Amino acid sequence: MIVALTAAETIPSEKGIIDALFKEGLDILHLRKYHFTDLQMSKYVESIDSTYLDRLVLHSHPHLSAELGIARIHVNEKNRSTNQMLPTTICSTSVHDIDQFNSLDECWAYAFLSPLFPSISKVGYGVYNARLDQLPSRSNFTVGLIGLGGINQGNCLIPMQQGADGIALYGTLWKHPDPVQNFIACKQKLWKNSNIYRRDKH
């Protein structure tokens, strides 16, 4: 499973890039547009091909989920204990330690564990606190584990080999001159190990 996160800021040709990513096989897209007004978020979602609506995840504006037809909501660590989403909502969350991940209950479809590698987008982040070596300590297999942080075409296979269910791409897309080709490179590397890539998707 390959997940992508949008850049918080607006990227030139972003909507075209998103459509191309989905056409090339992107599984899930997390919308990280915290600064958007309700109207801006509505227009942003409406600009994305409705074919992919069931693959979109809101990081903000959860009150718009029903109106926009989005069933996936991401709940950050700060708000996790007060999660009051409807049973029909597919919820994901984020953790920064394998013990936190192991304690998650089955209401979470999957969780990001980060940073696995030094960050591409945040210089210095993850240099001294990378979590890759924690993956063998995973004991929770009810919740999907998606590796995030510093993942690129050179190391994208490692988290899967270490037991992650998927990877999340952020900096390697939006800090790259050709996000779509970089995505394809990561996907092809995982496809060469089809037994890893075709794990159950959440």
Side-chain angles (χ1 to χ4, degrees), residues 1-6 25-32 54-59 71-85 87 89-122 124-173 182-183 185-202:
M1 177 165 152
I2 304 181
V3 177
L5 294 84
T6 67
L26 177 65
D27 294 306
I28 300 290
L29 178 68
H30 282 242
L31 307 180
R32 298 176 67 257
D54 62 342
R55 303 193 211 176
L56 301 181
V57 184
L58 290 175
H59 270 235
R72 296 176 178 269
I73 303 290
H74 188 83
V75 181
N76 63 27
E77 187 173 359
K78 179 181 178 182
N79 297 322
R80 188 161 58 236
S81 62
T82 59
N83 181 31
Q84 297 180 344
M85 295 300 169
T89 303
I90 302 170
C91 294
S92 57
T93 190
S94 300
V95 298
H96 302 285
D97 182 273
I98 196 65
D99 290 335
Q100 291 178 319
F101 176 83
N102 287 335
S103 68
L104 295 174
D105 62 37
E106 61 185 10
C107 75
W108 305 103
Y110 60 87
F112 293 135
L113 174 63
S114 69
L116 289 195
F117 302 97
S119 175
I120 298 169
S121 58
K122 298 179 183 177
Y125 181 65
V127 173
Y128 301 107
N129 63 335
R131 301 306 192 197
L132 181 67
D133 62 354
Q134 293 188 354
L135 286 177
S137 298
R138 177 185 183 183
S139 61
N140 183 347
F141 294 94
T142 301
V143 179
L145 192 157
I146 308 298
L148 170 67
I151 296 175
N152 56 41
Q153 66 183 85
N155 60 24
C156 63
L157 193 58
I158 298 173
M160 307 293 285
Q161 293 171 327
Q162 294 294 319
D165 299 305
I167 57 171
L169 305 178
Y170 178 55
T172 194
L173 295 180
N182 213 28
F183 169 80
C186 290
K187 179 186 172 183
Q188 288 178 339
K189 194 161 189 178
L190 267 59
W191 263 91
K192 289 180 180 179
N193 292 263
S194 58
N195 61 315
I196 290 178
Y197 182 70
R198 295 180 182 179
R199 287 179 181 161
D200 289 343
K201 296 175 181 178
H202 300 270

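Keep in mind it's a predicted model, so treat the numbers as computed, not measured.
- Under the 3.5 Å distance criterion, the side-chain polar atoms of N79 are left unmatched by any main-chain donor or acceptor of N76.
- Using a 4.5 Å heavy-atom cutoff, the side chains of I167 and L190 are in contact.
- Note that SG of C186 is 15.0 Å distant from CH2 of W191, once rounded to the nearest 0.5 Å.
- Cation-pi geometry between R131 and F101 is not met at under 6.0 angstrom from the ring centre and within 45 degrees of the axis.
- Residues passing the side chain to side chain contact (heavy atoms under 4.5 Å, CB included) test with Q162, sequence neighbours excluded: L132, L135, P136, I158.
- In terms of modelled atom types and a separation under 3.5 Å, the side chain of H96 and the main chain of S114 share a donor-acceptor contact.
- With hydrogens and angles disregarded, a donor-acceptor distance shorter than 3.5 Å links the side chain of N102 to the backbone of S137.
- Sorted by first and then second residue, the salt bridge (charged side-chain N to carboxylate O under 4.0 Å, His left out) pairs involving residues 93-116 (not counting sequence neighbours) form an empty list.
- Side-chain atoms of N182 come within 3.5 Å of backbone atoms of T172 as a donor-acceptor pair (strictly under, hydrogens ignored).
- Residues H59 and L31 are not in side-chain contact: their nearest non-hydrogen atoms beyond the backbone lie 4.5 Å or more apart.
- At a threshold of 4.5 Å between non-hydrogen side-chain atoms, the residues F117 and N152 do not count as touching.
- Side-chain atoms of T6 come within 3.5 Å of backbone N or O of R32 as a donor-acceptor pair.
- At a threshold of 4.5 Å between non-hydrogen side-chain atoms, the residues F183 and L173 count as touching.
- Qualifying side chain to side chain contact (heavy atoms under 4.5 Å, CB included) partners for A168, counting only residues two or more places apart in sequence or in other chains: V3, L5, F112, I146, L148.
- Between I90 and R72, some side-chain heavy-atom pair lies under the 4.5 Å cut-off.
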